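Beneath this line is the structure, given in structure tokens, with notes to follow.
Values below: every heavy atom of this structure, side chains too, minus hydrogens, waters and symmetry copies. Fair warning: this is a prediction, and the values are worked out from it, not measured in the lab. Naming convention: chains lettered A, B, ... in sequence-line order (proteins, then strands); numbering from 1 in each chain.
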Protein chains: 2
Amino acid sequence: MPQYIAPIKDMQFVLHDWLNLSEHYQKLGLEDFDQELVNEILQQGAKFAEEVIAPLNREGDEQGAKLIDGNVTTPDGFAEAYKEYVANGWNAMLGSADYEGQDLPNTVAVPVHEMLDSANLSWRLTGMLNESAILAITKHANDDLKRTYLAKLISGEWTGTMCLTEPHAGTDLSLLSTKAIPNEDGSFNITGSKIFISSGDHDWTDNIIHLVLARLPDAPPGVKGISLFLTPKFFPLDDGGIGQRNSVTVGSIEKKMGIKASPTCVMNFDGAQGFLVGEANNGLACMFTMMNDARFQVGMQGLGIIEASYQGALTYARERLQSRAPQGVQEQNKKADPIIHQPDVRRMLLTQKAIAEGCRALALLYAQQMDIERFGTDEDKHKAKSVISFLTPIVKGFMTDMGSEMSNLGVQVFGGHGFIREWGMEQLVRDARITQLYEGTNGIQALDLISRKLARDKGTMLEDTFALFNSKIQQMTNADKQTQATELLTEWFAAATELKQQNAVDLAGTAYDFMHYSAYCLLGVIWLSMADTAERSDNASIKSGKANTCAFYLKRLLPRKDGFKTNLFNGADDLMVVSDAEFDYQ
Amino acid sequence: MPQYIAPIKDMQFVLHDWLNLSEHYQKLGLEDFDQELVNEILQQGAKFAEEVIAPLNREGDEQGAKLIDGNVTTPDGFAEAYKEYVANGWNAMLGSADYEGQDLPNTVAVPVHEMLDSANLSWRLTGMLNESAILAITKHANDDLKRTYLAKLISGEWTGTMCLTEPHAGTDLSLLSTKAIPNEDGSFNITGSKIFISSGDHDWTDNIIHLVLARLPDAPPGVKGISLFLTPKFFPLDDGGIGQRNSVTVGSIEKKMGIKASPTCVMNFDGAQGFLVGEANNGLACMFTMMNDARFQVGMQGLGIIEASYQGALTYARERLQSRAPQGVQEQNKKADPIIHQPDVRRMLLTQKAIAEGCRALALLYAQQMDIERFGTDEDKHKAKSVISFLTPIVKGFMTDMGSEMSNLGVQVFGGHGFIREWGMEQLVRDARITQLYEGTNGIQALDLISRKLARDKGTMLEDTFALFNSKIQQMTNADKQTQATELLTEWFAAATELKQQNAVDLAGTAYDFMHYSAYCLLGVIWLSMADTAERSDNASIKSGKANTCAFYLKRLLPRKDGFKTNLFNGADDLMVVSDAEFDYQ
């Protein structure tokens, strides 16, 4: 695998030129953050990702996480890298200043997260889930719990987990059966088994804080009877140290397709003492605070994989000599031309590039809305939250589907060598595969989008999203591109509006199509808008490169939307009519 | 992984009802083969694949092939299963009766091959490549070589390999540098290193026969200077036994993404004695005899994976209880409904089903042409060969691309459990991935189709292929379906004909699109034709199931063709205009 190099120039173009961060920060009263500071953080983040995390990725996959005598060990160098990460304050980027966090804007943290995702997905996952846990505790826990746990989670001295899934309750949390019995002191005893717990145990920190969904004895059935409990591995002492061990243990770790360095644990809670987070029976809302953040972050993992695979494929295509280019000999003094001159190889590379840069822009536009949700006026906050809600399933579902498609293209550019583990290209495919599954499968994302975010909403989320993209179009100066973007956005809005009328079954039958249709349309608007901005760039390769990549996207990738659109209004009858016997001609 | 069950009912429908095998065999003078005999062979093949081979697949992936002291060992049970396969005559199905083969029609052998591919791709690969080697020896080797080697390869007592690729010569065989120095006795000494040699060594048989591409000292440069040599691991004795060892050794075996039970060897030839196969400097033609057969067989591997993944996903979707179906409660007495009632899950299952059955029909239509090429009149042979040449890259490229897409859908139906190795679903994804790469990457298939088979041909291959599909349409009785199929085939033929005018660069830039466009169109014709045939079936689930699956294909999958068609006439300028610096904004 070629050395990972953070795509700082593209990030800077998106942040400074396209999103105009300086003005954005001024509006939000974040005057401390100027272009220079942002660039400095990007440089430092890049250095850490490139030099510390990326070199551990390949060997981490071979070694894998191990469970030895009930304790998980991670591959060589993982724990040390984490200690450096914590020492340098990276874990605290987004934490509240009230608990020793840095309160950085998301537009600063998200590009660094992309770098970590590219460099080493397994390693990144622990910190990512901790950030989601921090959010839930910050928003829902009482002051006592915050005082005891939050600063240590924010610094990274301890890590947090999300314990949701059970063997028979994955998508459908109403089926979960873990029990929480109240103690006299106000705490609870948690008993049950949770599966698929990422970093449920590891050798990075002295303590691990589990956020566990469970049922109280008098809880109503279904998802309205779920509560969230903070359950530490070790009970903290008053001095901040580590006391007695709680009765939570690792049952086993999974043998998986990828992210092998990340321990995926079966966690057994055997009357473990836990503390209620938020109101009783309101666990689902607390869970969604974690989950929505995690969904965006998993989308970022998709982007990280796409970029890493693109870089690998690009380097290889420039170096690998094989056959002559059909347009004529390119390197007379060599026995063959680099395969980057082959049109079909360029098709694959440009597909990766157009999707990487388009998804990056989408993610940073989303991050800008996260900034506004945190630091904006009440009215702006409300709108930003609405846009975020709408875009979350698209970011998660589309960007991770692209993670798999693009990392597979990366393997394809390598030919047979792509299948060999040593190169690292196939690892990206295996690591990417989980992102389409966890934190809600992409089918669930599609359903969330079309039902909760589109059909069951009064239309505000759709309209707010339309307004945001339209505002980007209004800023454009190239009239042709502006017209194209307007037509595209209008087509999408009309289709989405019409869809709202459909019944639940038809919506479910077309959900996946709508998610992808939306993503390709919105990425089309983004590409036109970026190409418009790039016309004024003083970086020559950005100027022409964005124009050419936009043209490629419009010509080769945007037409995919029509395939998805075809299905939007066909109903689900064709899906439902097939009888059980017809599936396998019993 | 649920137990694999060979899809015999669908195979019988395609063979007997759709392809009318009895009439086909009569025309070819193969009166011995009637419906009963074919069904008996399918039943026996199914029994072997289901009971002997499939159970070895999961554990084979975990154990992998190993290189110990220069010798390869395969996972537990693999060698014993092979001995049973050979003992029962399966290896000899297609071999020439002159050398103790059974001379079975391909329409009988190919369904059995599909079963083996579904059951255990790693295990199947050795036998598959041996069949390709047998073809090359049968067609090109002199009688001496045939007498010594052919019967043992056909029975399976020995196996054969294809030694083509070198580290710097994959797609571009003109770069290969392995040398062949003539000896006085007419043999040659082969020196060089070959990579990616499947089953280059194993513990199944006493001897392994390598077919090696190498250059003679006076050979012209490039691909016109390549010759093919038969190079045994051990020299045979006159009594048929094993004599002295040849100087060919295993350098290492690859650590791969998948087909881990299949040893992928670096083979070192260190003055190993070899024997010329065919004319000097005509190795490429000999190689293509192997390669074209192998390409079809790799397409079959794609189909095998699709069917295996579909079966796994279908079983799981029927059993996994999660959430209620949007159309209403399905199983009142259970806590949740089986996920097969979810429209989005049905979308995934029906996609797998429509592609599995469509590809199976395409493959068996191809197999019928193989029968004609072997047993037909000279004129028919010629036409069949032409159709086979045209369809080979489509079968290889499309069916293996579908292998990856469909096995990924299978994982998706399983949700997070699909990522866990134990279930076997992710193994199918990993095993499928190689099929898009070996025997010519799918990019090379696409180029072969659009340049050699379409543009550089006088048009005969295209016309013969059109004629074959048109003959299937003429047999249809449902006028509506017949009209739809005619329109589709006509659209495709017109587009292909127009494409022929383009220059080499534009062709290369649109090659991948044309391959997929062609496949979706031709599968559309196939589906309409099958649904027409099924109207007369007396099996109720076939009758309605084929109609419903055809409707699904036409509505949900056929529209993909339009996305590919959009790109056909856009040229390659958008690919070529991107400068080197623009790829990564240097």
Would you check if there is a donor-acceptor pair between the side chains of A:E582 and B:S541 at a distance under 3.5 Å?
no

B:E62 atom CD, neighbour heavy-atom count above 12 within 6.0 Å
yes

What is the distance from atom CD1 of B:I444 to atom OG of A:S323, rounded to the nearest 0.5 Å?
6.5 Å

Out of B:Q436, B:Q412, B:Q327, return the one with the most heavy atom pairs under 4.5 angstrom to chain A.
B:Q412

Once rounded to the nearest 0.5 Å, what's the spacing between atom CG of A:N570 and atom CZ of B:F552?
11.5 Å

Can you tell which part of A:K353 gets under 4.5 Å to a heavy atom of chain B, answering side chain, backbone, both or neither?
side chain

Specify which of B:A572, B:G415, B:G443 makes the most heavy-atom pairs with chain A at under 4.5 Å.
B:G415

Cut-off 4.5 Å, heavy atoms of chain A, and the answer for B:L314 is side chain

Under 4.5 Å heavy-atom distance to chain B, tell me which part of A:N503 shows up: side chain, backbone, both or neither.
neither

Of the backbone (N, CA, C, O) and the side chain (C-beta and beyond), which part of A:L175 lies under 4.5 Å from a heavy atom of chain B, both, or neither?
side chain

Are A:F419 and B:E254 side-chain neighbours, meaning at least one heavy-atom pair lies under 4.5 Å?
no

Would you mind checking which part of A:Y310 comes under 4.5 Å of any heavy atom in chain B, side chain (CB onward), backbone (N, CA, C, O), both or neither?
side chain

Check: B:L575 and A:L350 side chains under 4.5 Å, non-hydrogen atoms
yes

A:P559, A:G416, A:A581: which one forms the most heavy-atom pairs within less than 4.5 Å of chain B?
A:G416

If one checks every heavy atom of A:A511 against chain B at 4.5 Å, the contacting part turns out to be neither

Distance col, row A:T315:OG1 vs B:F583:CZ, nearest 0.5 angstrom, shows 12.0 Å

Nearest 0.5 Å please: distance from the NE2 atom of A:H341 over to the CE atom of B:M576.
8.5 Å

So which part of A:I259 gets closer than 4.5 Å to some heavy atom of chain B, the side chain, the backbone, both or neither?
both

Among A:G258, A:S174, A:A325, A:S451, residue most engaged with chain B (heavy-atom pairs, under 4.5 Å)
A:G258

Rounded distance (nearest 0.5 Å) linking atom CG of A:L557 with atom CG of B:N567
8.5 Å

Any heavy-atom pair between the side chains of A:M257 and B:R430 that's under 4.5 Å?
yes

Please test B:I340 against A:D580 for side-chain contact (heavy atoms from CB on, under 4.5 Å), starting from the C-alpha separation and ending with a verdict.
CA-CA 9 Å; B:I340 197 171; A:D580 196 52; 4.2 Å; yes

Please tell me if the side chains of B:L349 and A:V578 come closer than 4.5 Å, counting only heavy atoms from C-beta onward.
no

Any side-chain heavy atom of B:P7 within less than 4.5 Å of one from A:D584?
no

Report the residue from A:R560, A:R556, A:K555, A:R347 that forms a salt bridge (charged side-chain N to carboxylate O under 4.0 Å, His left out) with B:D513.
A:R556

Please state whether the side chain, the backbone, both or neither of A:K260 comes within less than 4.5 Å of a heavy atom of chain B.
side chain

If you count heavy-atom pairs under 4.5 Å with chain B, which of A:L447, A:N442, A:V429, A:V411 comes out on top?
A:V411

Looking at B:E422, B:Q427, B:H417, which has the largest count of heavy-atom pairs under 4.5 Å with chain A?
B:H417

Charged N to carboxylate O below 4.0 Å: is that the case for B:D172 and A:R324?
no

Which atoms of A:D344 come close to chain B, meaning under 4.5 Å heavy atom to heavy atom: side chain ones, backbone ones, both, or neither?
both

Would you please say whether a donor-acceptor pair under 3.5 Å links the side chains of A:E357 and B:Y585?
yes

Does a donor on one side chain and an acceptor on the other come within less than 3.5 Å for B:R433 and A:N408?
yes

Name the region of A:P338, side chain, backbone, both or neither, that has any atom closer than 4.5 Å to a heavy atom of chain B.
neither

Flag the one option from A:K543, A:K255, A:H168 with the top tally of heavy-atom pairs under 4.5 Å to chain B.
A:K255

Checking heavy atoms, do the side chain of A:V345, its backbone, both or neither come under 4.5 Å from chain B?
neither

Select one option (side chain, backbone, both, neither) describing which atoms of B:K9 are under 4.5 Å from chain A's heavy atoms.
side chain

Counting only non-hydrogen atoms closer than 4.5 Å, does A:I195 touch chain B with its backbone (N, CA, C, O), its side chain (CB onward), both, or neither?
side chain

Best-contacting candidate, B:G563, B:A551, B:S544, against chain A by heavy atom pairs under 4.5 angstrom
B:S544

I'd like to know if the side chain of A:Q322 reaches the main chain of B:G170, judged simply by a donor and an acceptor atom lying under 3.5 Å from each other, with no hydrogens or angles considered.
yes

Please flag which part of A:T171 lies under 4.5 Å from any non-hydrogen atom of chain B: side chain, backbone, both or neither.
both

Interchain contact, A:A508 with chain B, by part (heavy-atom threshold 4.5 Å)
both

Does any part of the side chain of B:F414, heavy atoms only, come nearer than 4.5 Å to the side chain of A:L437, both counted from C-beta?
no

Chain A shares the most heavy-atom pairs under 4.5 Å, among B:R320, B:K335, B:Q311, with B:R320

Check whether A:K546 gets within reach of chain B through its side chain, its backbone, both or neither, counting any heavy atom under 4.5 Å.
both

Go through B:P326, B:S404, B:G418 and name the one with the most non-hydrogen pairs under 4.5 angstrom from chain A.
B:P326

